[in-house]
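In what follows, a single structure is set out as structure tokens and then discussed.
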Amino acid sequence: MATYLITGDDESLLLTAIGDLVKKLVGDGDRTLMVDDFDGDEYELRAVVDAAQTPPFLTDSRVVVARGVGRFNADDVAALVAYLGDPLPTTELVLVSGGGRMPKALTDAVKKGGGTTIDTAPPSRARERAGWFDDQIRAAGLKLDGQSTQLLAEWLGEDAGRLQGILDTLKATYGGGHTLRSADVAPFL
């Protein structure tokens, strides 16, 4: 199957990326049978590796999510790096940086194994950031004219983590059938 590494500093954007990816990986399957989610300071990477090496039960595949792997050092990730050298073909492994600096051995192992890195951080350049906003709006199933997109981007400034909540509200209010104008967006800012 595949390995995914989700990076970024904004908790809201990370959570959105995790939710979207897990939803895609699970598809029509039973989430309770397919997903093992490791979070918090209590878990050890050995438990993640054990879950990833366990064949699925009553499903075709298994999704293992490990949040906050940036808190582990190079020695801690050795077992995970070894697993990435020969992963179980029925496991989808989702690693979430969640703060801290990722050990180079882990990022190298993800790349070497053909893993996908998903960077949730919005671009810092204005032109790239505008494209990022357009992508997020399109992914939410909305259409905004240029002026309303600019209004939204200016209002959010560096706090792009609040974008998804606003887009969800706009979608719930107006649906996705027509192009929203500044007068439609402004009341929600």
Side-chain angles (χ1 to χ4, degrees), residues 1-29 31 34-40 43 45 47-49 51-52 56 60-74 76-77 80-81 83-142 149 152-153 156 158-168 171:
M1 292 267 162
T3 301
Y4 302 88
L5 175 60
I6 302 176
T7 63
D9 295 327
D10 189 297
E11 186 71 21
S12 175
L13 296 174
L14 281 172
L15 290 173
T16 299
I18 295 165
D20 291 347
L21 179 59
V22 170
K23 184 177 180 179
K24 177 183 153 196
L25 295 175
V26 170
D28 293 334
R31 184 182 174 99
M34 294 179 70
V35 179
D36 281 324
D37 198 338
F38 295 89
D39 193 9
Y43 82 88
L45 282 180
V48 173
V49 172
D60 293 334
S61 65
R62 169 183 202 90
V63 178
V64 178
V65 180
R67 301 170 192 247
V69 295
R71 71 179 171 92
F72 296 102
N73 64 37
D76 296 335
V77 300
L80 184 55
V81 168
Y83 167 78
L84 291 172
D86 185 25
L88 194 64
T90 54
T91 298
E92 303 278 5
L93 181 61
V94 179
L95 305 172
V96 183
S97 63
R101 184 177 170 147
M102 295 289 292
K104 185 170 176 9
L106 182 57
T107 56
D108 289 348
V110 170
K111 287 178 189 173
K112 184 178 179 183
T116 302
T117 299
I118 301 168
D119 185 5
T120 62
S124 56
R125 291 184 177 152
R127 173 172 249 128
E128 293 171 357
R129 194 172 180 89
W132 182 85
F133 270 96
D134 290 338
D135 291 344
Q136 301 305 307
I137 291 165
R138 199 173 310 110
L142 291 169
T149 301
L152 183 59
L156 287 170
E158 295 297 316
D159 193 10
R162 297 188 325 180
L163 176 63
Q164 190 61 48
I166 294 169
L167 295 177
D168 290 344
K171 176 90 180 222

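In this chain, residues are counted from 1 in sequence order.
- Atoms CG and CD1, on L163 and I137 in that order, are 6.5 Å from each other to the nearest 0.5 Å.
- For the atom pair N73 CG and L106 CG, the distance stands at 11.5 Å (nearest 0.5 Å).
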Verdict with supporting geometry, L167 and L152, side chain to side chain contact (heavy atoms under 4.5 Å, CB included): CA-CA 10 Å; L167 295 177; L152 183 59; 4.2 Å; yes

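- Contact annotation: the side chain of L80 approaches that of L93 to within less than 4.5 Å [non-hydrogen atoms, C-beta and beyond].
- A distance of 8.5 Å separates CE of M102 from OG1 of T7, quoted to the nearest 0.5 Å.
- Going from atom CG of L142 over to atom CD of Q136 covers 11.5 Å, rounded to the nearest 0.5 Å.
- F133 pairs by the ring-ring contact (aromatic ring centres under 6.0 Å, His included) definition with nothing, not counting sequence neighbours.
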Criterion side chain to side chain contact (heavy atoms under 4.5 Å, CB included) on D10 and T120, from CA distance to verdict: CA-CA 8 Å; D10 189 297; T120 62; 5.8 Å; no

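- Qualifying side chain to side chain donor-acceptor pair (under 3.5 Å) partners for D60, counting only residues two or more places apart in sequence or in other chains: none.
- With sequence neighbours excluded, no residue forms a salt bridge (charged side-chain N to carboxylate O under 4.0 Å, His left out) with D20.
- Taking the side-chain contact (heavy atoms from CB on, under 4.5 Å) definition, one finds that P122 meets it with L13, R129, W132, A160, sequence neighbours left out.
- Under the rule for a side chain to side chain donor-acceptor pair (under 3.5 Å), the partners of D168 that lie at least two apart in sequence or sit in another chain are Q164.
- Partners of S61 according to the side-chain contact (heavy atoms from CB on, under 4.5 Å) rule, which considers only residues two or more places apart in sequence or in another chain, are M1, M34.
- Here K104 pairs with D108 under the side chain to side chain donor-acceptor pair (under 3.5 Å) rule; sequence neighbours left out.
- Under the salt bridge (charged side-chain N to carboxylate O under 4.0 Å, His left out) criterion, D76 pairs with no residue, sequence neighbours left out.
- Y43 carries R71 over the face of its six-membered ring, with the cationic atom under 6.0 Å from the centre and within 45° of the normal.
- Remark: D86 engages no residue in a salt bridge (charged side-chain N to carboxylate O under 4.0 Å, His left out) (not counting sequence neighbours).
- With rounding to the nearest 0.5 Å, the separation of CD1 in I6 from CG in D119 is 11.0 Å.
- With sequence neighbours excluded, no residue satisfies side chain to side chain donor-acceptor pair (under 3.5 Å) with D134.
- Legend: residues meeting side-chain contact (heavy atoms from CB on, under 4.5 Å) with A2, ordered by chain and number and at least two apart, are Y4, E92.
- With sequence neighbours excluded, no residue forms a salt bridge (charged side-chain N to carboxylate O under 4.0 Å, His left out) with R31.
- Rounded to the nearest 0.5 Å, atoms OH (Y83) and CG (L88) are 5.5 Å apart.
- Heavy-atom minimum distance, L14 versus G8: CD1-O, 3.5 Å.
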